[in-house]
Amino acid sequence: MRRSKKYSRPVRPLNESAAMGGVHYEAGADGTQYKVHHIASGAKQYVCPGCNGIILVGEAHEVAWTEDTIWGSQYGQDSRRHWHTTCWRHRGRR
Ligand SMILES: [Zn+2]
């Protein structure tokens, strides 16, 4: 394996979340780190925990979950929630 002569900082792609499979990290209202996945078009209806409103089929929204739970990362993934994009952005400011 050839190595380059000097280390250079990796070039970050412009759309970093796309490079990570659409998942990026955001801090929740309680300071917990959440993984957030943007859904361009929902496959079914969900209830948004921010406003208790319906996220319609085909509506773009966010899925957020944390793997930082006392029950382990699988529990966090299983309890992921679907949010309206605007509700997620305004979380903790209600
Ligand atoms: Zn909502």
Side-chain angles (χ1 to χ4, degrees):
M1 271 289 225
R2 274 190 66 192
R3 286 194 166 205
S4 56
K5 289 192 197 96
K6 61 176 184 175
Y7 289 101
S8 57
R9 299 210 315 173
V11 178
R12 291 193 162 185
L14 270 179
N15 193 340
E16 191 173 57
S17 66
M20 291 173 63
V23 176
H24 62 277
Y25 294 90
E26 286 190 40
D30 54 359
T32 306
Q33 188 177 64
Y34 283 85
K35 285 186 174 179
V36 184
H37 179 46
H38 180 74
I39 306 288
S41 176
K44 59 179 211 178
Q45 280 194 3
Y46 300 99
V47 176
C48 168
C51 66
N52 289 319
I54 298 292
I55 300 168
L56 298 172
V57 176
E59 188 175 1
H61 64 278
E62 314 296 318
V63 184
W65 71 98
T66 178
E67 294 176 0
D68 183 15
T69 78
I70 60 172
W71 302 282
S73 63
Q74 188 60 50
Y75 176 87
Q77 290 171 34
D78 290 347
S79 56
R80 65 190 181 274
R81 304 302 296 270
H82 295 254
W83 296 69
H84 291 115
T85 299
T86 50
C87 292
W88 173 251
R89 290 206 185 116
H90 294 99
R91 68 196 181 283
R93 269 196 261 154
R94 281 146 36 84

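The residues of the chain are indexed from 1 along the displayed sequence.
Listed by first then second residue, pairs satisfying salt bridge (charged side-chain N to carboxylate O under 4.0 Å, His left out) with a partner in residues 67-77 read Lys35-Glu67, not counting sequence neighbours. Listed by first then second residue, pairs satisfying salt bridge (charged side-chain N to carboxylate O under 4.0 Å, His left out) with a partner in residues 41-51 number zero, not counting sequence neighbours.
The hydrophobic cluster containing Tyr46, built from Ile/Leu/Val/Met/Phe/Trp/Tyr side-chain heavy atoms closer than 4.5 Å, also comprises Ile55.
Shown here for Val47 and Arg81, the closest heavy-atom pair between the two residues is O-NH2, 4.4 Å. Closest approach of Gly50 and Cys87 over heavy atoms only: CA-CB, 4.4 Å. Shown here for Thr85 and His61, the closest heavy-atom pair between the two residues is OG1-CA, 3.5 Å. Closest heavy-atom contact between Arg80 and Gln77: NH1-O, 2.7 Å.
Under the side-chain contact (heavy atoms from CB on, under 4.5 Å) criterion, Gln33 pairs with Tyr25, sequence neighbours left out. Scored by the ring-ring contact (aromatic ring centres under 6.0 Å, His included) test, Trp88 finds Tyr34, Trp83 as partners (sequence neighbours excluded). Residues passing the side-chain contact (heavy atoms from CB on, under 4.5 Å) test with Asp78, sequence neighbours excluded: Gln74.
Side-chain contact between Ile54 and Glu59 is absent, with no heavy-atom pair separated by less than 4.5 Å.
Comment: Glu62 does not engage Arg91 in a salt bridge, judged by the lack of any side-chain N to carboxylate O separation of less than 4.0 angstrom.
A donor-acceptor pair is defined here as one N or O able to donate and one able to accept, closer than 3.5 Å; no such pair exists between the side chain of His84 and the backbone of Ala60.
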